Amino acid sequence: MQVEGLLMACHYYPPCPEPARVVGGLEHTDPSLFTVLAQDGVGGLQVRLRDGRWADVPPEPGALLVNIGDVLKVRCPVVSNDEYESVEHRVVIKSCEDARVSIALFFNPAKRQESDLFGPLPELLTAGKQQRYRAFTLTEFMSSRREHGHGTKSIDQFRIAHE
Ligand SMILES: O=C(O)CCC(=O)C(=O)O
Ligand SMILES: [Fe+2]
């Protein structure tokens, strides 16, 4: 389903007799502004910590998870000054018996013309805050993801090198 930038993805992860030998969902960051995720009680979602280790995100009944996506990280220098990140996440299979279901709602920019540029919002680039990313179009961003993968490397292509 896609409605002006809103995209819903429903995931079904079948149970597996040998969970340790399969991948549920490969590691990636979301290309959205932000994502709202509902997961059932089976578990399996993991996020990568700053030290590189993977940590479980245990399901909380009734809770929705909000993930910062790559576009918001770039757009708002307030939250991208290495304080908040578009976190890398993946799904591992936890159960031999239970299938897992999750629903992700991606809030994407609706504007996708070549004239629509996504860079740090000028009003948020306050004094002393360096611009970390150059502006890009969504076409550029998505082709960078195809070329460099769905991890953090694709957004790094737009990073401005500061001495
Ligand atoms: O199934 C999940 O919990 C995660 C799904 C996900 O990361 C995604 O759709 O981008
Ligand atoms: Fe994701």
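Start at 1 and go down the list; that is how both ligands and their atoms are numbered. Side chains included, hydrogens not; waters and symmetry mates left out as well; all remaining heavy atoms used. Residues: numbered from 1 along the sequence shown. Bear in mind that the values here come from a model prediction, so they are computed numbers and not experimental data.
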With sequence neighbours excluded, tell me which residues meet side-chain contact (heavy atoms from CB on, under 4.5 Å) with P109. L33, V71, F118, L138
Can you pull every nitrogen or oxygen pair between ligand 1 and the protein closer than 3.5 angstrom?
| unit_1 | atom_1 | unit_2 | atom_2 | d |
| --- | --- | --- | --- | --- |
| ligand 1 | 1 (O) | Y13 | OH | 2.7 |
| ligand 1 | 1 (O) | R100 | NH1 | 3.0 |
| ligand 1 | 1 (O) | S102 | OG | 2.6 |
| ligand 1 | 3 (O) | R100 | NH1 | 3.2 |
| ligand 1 | 3 (O) | R100 | NH2 | 2.8 |
| ligand 1 | 7 (O) | H28 | NE2 | 3.1 |
| ligand 1 | 7 (O) | H89 | NE2 | 3.0 |
| ligand 1 | 9 (O) | H11 | NE2 | 2.6 |
| ligand 1 | 10 (O) | H28 | NE2 | 3.1 |
| ligand 1 | 10 (O) | D30 | OD1 | 3.1 |

In the protein, N/O/S atoms that are found under 2.8 Å from the Fe ion (ligand 2), waters not counted: H28 NE2, D30 OD1, H89 NE2
Throw together a table of side-chain donor-acceptor distances under 3.5 angstrom for residues 19-29, partners on residues two or more places apart or in other chains.
| unit_1 | atom_1 | unit_2 | atom_2 | d |
| --- | --- | --- | --- | --- |
| R21 | NH1 | E18 | OE1 | 3.3 |
| E27 | OE2 | R48 | NH2 | 2.9 |
| H28 | ND1 | L26 | O | 2.9 |
| H28 | NE2 | D30 | OD1 | 3.1 |
| H28 | NE2 | H89 | NE2 | 3.0 |
| T29 | OG1 | D70 | OD1 | 3.3 |
| T29 | OG1 | D70 | OD2 | 3.0 |
| T29 | OG1 | H150 | O | 3.4 |

Do S102 and Y13 have side-chain heavy atoms sitting under 4.5 Å apart? yes
Test side chain to side chain contact (heavy atoms under 4.5 Å, CB included) on I160 and R132; report intermediate values, then the result. CA-CA 5 Å; I160 296 170; R132 290 177 178 238; over 6 Å; no
Y133 and K73, any side-chain heavy atoms less than 4.5 Å apart: yes
Salt bridge or not between E140 and R134? Use side-chain N to carboxylate O under 4.0 Å. yes
So do the side chains of L45 and D56 get within less than 4.5 Å of each other, counting heavy atoms only? no
Just by distance, do the side chain of Q39 and the backbone of L65 share a donor-acceptor pair under 3.5 Å? no
For F34 together with F107, are the ring centres under 6.0 Å from each other? yes
